[in-house]
Amino acid sequence: MEHLLPEKFEDYAEGRKKGFLKMKKVKDEGKNVVGYFCTFAPLEIFDAGGILSVSLCGMSDETIADAETELPKNLCPLIKSSYGFALTEKCPYTYFADMIIGESTCDGKKKMYERLGKLKDVYMMQIPQGIDRPYAKPLMANEIKLLVKKTEEKFGVKITDDDLRKAAVKRNEYRRACLELMELQHAVPAPVPSVQLYKFLDSIKFNFDLESAIQSVHELVAKIKEENATNPDEKRILVTGCPIGGVLDKVVGSIEKNNGRVVCFENCSGIKPMRCFVDTENPDIYDAFADAYLKIGCAVMSPNIHRFENIPNLVREFKAEGVLDVTLQGCHPYMIESRALQEKCNEINVPYMNLETDYSHSDDGQIDTRIAAFLETI
Amino acid sequence: MYYLGIDMGSTSTKVIVLNENKEIHYKKVVPTGWNCLDTANGILEELKNNGIERDDFKCVATGYGRISVPYMDKTITEISCHGKGACYLFNEKNFTVIDIGGQDTKVIEIENGAVKNFNMNDKCSAGTGKFLEIMANTLGVDINSLCELARSSKNHISISSMCTVFAESEVVSLIGRGTSKEDIAYGVVDSITNKVRGQMGKITGTNNVVRLTGGLCEIPFILDSLSEKLGTEVKSDPLGRYAGALGASLFACNIK
Ligand code: SF4
Ligand code: SF4
């Protein structure tokens with residue numbers, strides 16, 4: 001079946017046109033595509049059903065003004081940007097997605113998904129947030145079951161437990177590969193350049209072929225091991241907080257420029273979801289999924305047990321000399337949690353700084369000064 | 001050898017020259033103006049007129065214009081410089097420095113003479129010198145008189161707008177309603193010191209020793225209002241606005 005391009009396609013820049021043509025080809029070949037926003041989306045389901053999955057998080061301020069024609073201004077830029085891309089048909093992945101998974105995380109996203117439902121086929125997945133409750137796990141397992149059912153119906157496929165188990169084995173392998181890359185930063189000095197590390201981890205999510213994605217991680221690991229050229233004076237920083245793809249150059253670029261190195265990204269796209277392995281030996285695969293995914297230490301959880309357990313361990317493990325907590329303007333969950341994290345860092349005696357920013361460039365200078373000052377104090 | 005510290009802020013540039021004995025040999029405040037480079041070169045000229053040539057000094061530049069000083073040996077952020085300068089100025093080792101600047105307000109927690117923690121206001125001018133300047137303009141007075149007016153306010157009002165532009169229209173409508181200048185002035189100062197109090201709260205340390213630096217540090221009512229809000233006497237020093245430049249010049253002493 002031939003798929004249509006957006007009306008404004010001819011006005012798009014070359015890179016964007018290419019992206020659209022690539023996705024059109026994928027669709028014309030009869031592949032199904034599911035979009036998701038959050039690390040809570042159990043991608044194994046789509047792997048098992050032979051469906052491509054792609055992250056739709058908006059990372060640029062290009063479409064924020066468009067989004068603000070419908071959404072309130074004081075929302076986090078990730079939400080506005082994501083919605084803006086759907087509204088303007090500027091993102092090939094959103095545009096060609098047959099179904100979009102909306103995970104019930106923060107309120108802003110949840111309500112944005114309702115609006116998005118007017119533009120696309122959005123399926124809401126209800127993530128339990130009281131992870132200390134005994135019913136949290138069965139609830140999550142049930143949600144995953146429902147998502148499997150929805151996927152089967154929508155795409156006319158059959159997904160067995162066995163398919164899911166196989167997919168989980170593969171995803172675990174992918175997680176392990178990514179961890180191997182991230183754990184290279186254990187070394188002093190840490191060998192992987194900060195911006196490069198994050199960019200790689202972010203971009204690899206757009207590789208539809210898991211096998212080749214794993215391969216490219218292995219290749220990068222081998223290459224880094226060979227190069228081994230680093231600067232021993234760099235300050236070792238752990239970055240945590242909101243997803244930072246949209247502020248990467250501003251924040252992580254500035255860390256690099258000021259003689260720092262990110263030894264661990266605790267964010268989504270970083271290590272946060274990667275250690276949440278699915279126990280493929282568990283006779284109940286849904287229980288195994290629920291177990292794994294509820295370990296993601298996201299600030300929408302209350303209490304957010306895992307983040308506060310993990311960060312002190314990660315600080316030790318990666319020998320971090322400072323914790324930089326990056327929060328996007330308007331993100332209440334992470335902004336409020338920053339206080340508790342500051343207290344935690346005081347407790348374990350590691351310098352901490354919170355940095356609030358958005359996708360614009362208006363605060364580039366201020367952010368740079370703050371980061372430089374933070375690194376000076378370490 | 002001399003040690004030159006230049007603190008190029010958004011409104012004014014502060015210059016300190018130390019001699020070999022780390023005593024202040026020369027000091028000056030000049031408006032930063034539009035072109036940081038011109039300002040920096042003007043300072044070099046001035047120093048020449050005072051018999052100090054480029055080869056006679058080491059220079060550390062700080063402040064938002066720090067990279068625009070072509071002859072600096074090193075740049076260090078205003079946080080570190082303020083911390084260093086304030087330790088020297090106040091002869092303290094464990095205390096909190098508040099610096100109300102033209103473009104940003106900083107709260108710096110010092111422990112054992114080193115910066116432990118700091119906070120800078122977000123990307124707007126609420127709670128900064130700029131805010132005060134704009135409000136003073138709206139009231140048709142200068143900053144000093146605004147603060148003195150505030151002291152004689154009978155009905156304490158509060159300005160609720162956080163944004164300078166909105167606050168300005170709030171002030172205009174208060175004037176329209178016949179609210180006295182004194183009361184409005186009180187509301188303006190109150191809004192700044194409240195903002196600073198919020199920033200202090202973001203620093204978790206519990207320091208009772210608080211010192212004020214920056215351009216507003218010599219205004220008695222600002223000190224009084226801060227002392228009241230923070231529940232501890234906030235002190236300053238006539239050289240308070242030079243804290244950043246002083247710290248920079250002290251750092252310059254370490255340059256080989
Ligand atoms: S930070 Fe939380 S809500 Fe945001 S993508 Fe990660 S898991 Fe999802
Ligand atoms: S960054 Fe915060 S506000 Fe934005 S989508 Fe994630 S949890 Fe929600």
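So that the names make sense, note that chain A is the first sequence line, chain B the second, and so on, each numbered from 1. Worth knowing before you read on, the calculation uses all heavy atoms, side chains too, and leaves out hydrogens, waters and symmetry mates.
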**Asked** Should the heavy atoms of other residues, nucleotides or ligands under 6.0 Å from NZ of B/Lys229 be counted, would the total exceed 12?
**Response** yes
**Item:** Worked verdict on A/Thr369 versus B/Met120 for side-chain contact (heavy atoms from CB on, under 4.5 Å)
**Value:** CA-CA 10 Å; A/Thr369 297; B/Met120 277 164 99; 4.2 Å; yes
**Asked** With side chains defined as the heavy atoms from C-beta onward, is the minimum distance between A/Glu376 and B/Ile79 less than 4.5 Å?
**Response** no
**A/Arg370 and B/Thr77 side chains, donor-acceptor separation under 3.5 Å** = no
**Asked** Do A/Met353 and B/Asn117 come within less than 4.5 Å of each other through their side chains, counting heavy atoms only?
**Response** no
**CD1/B/Ile67: more than 12 non-hydrogen atoms of other groups inside 6.0 Å** = no
**Request:** Count the heavy atoms belonging to other residues, nucleotides or ligands that lie under 6.0 Å from NZ of B/Lys235, then report whether that count exceeds 12.
**Result:** no
**Message:** The test is side-chain contact (heavy atoms from CB on, under 4.5 Å); show your working for A/Gln366 and B/Tyr64 and say whether it passes.
**Reply:** CA-CA 8 Å; A/Gln366 273 156 307; B/Tyr64 105 108; over 6 Å; no
**Request:** For atom NZ of A/Lys110, decide whether the heavy atoms of other residues, nucleotides or ligands shown that lie under 6.0 angstrom number more than 12.
**Result:** yes
**Message:** Before you tell me yes or no, could you show the steps for B/Lys116 and A/Thr377 under side-chain contact (heavy atoms from CB on, under 4.5 Å), namely the whole-Å CA-CA distance, both residues' side-chain angles and the distance that decides it to 0.1 Å?
**Reply:** CA-CA 7 Å; B/Lys116 161 118 198 288; A/Thr377 64; over 6 Å; no
**Asked** Got more than 12 heavy atoms from elsewhere within 6.0 Å of CG, B/Asn91?
**Response** no
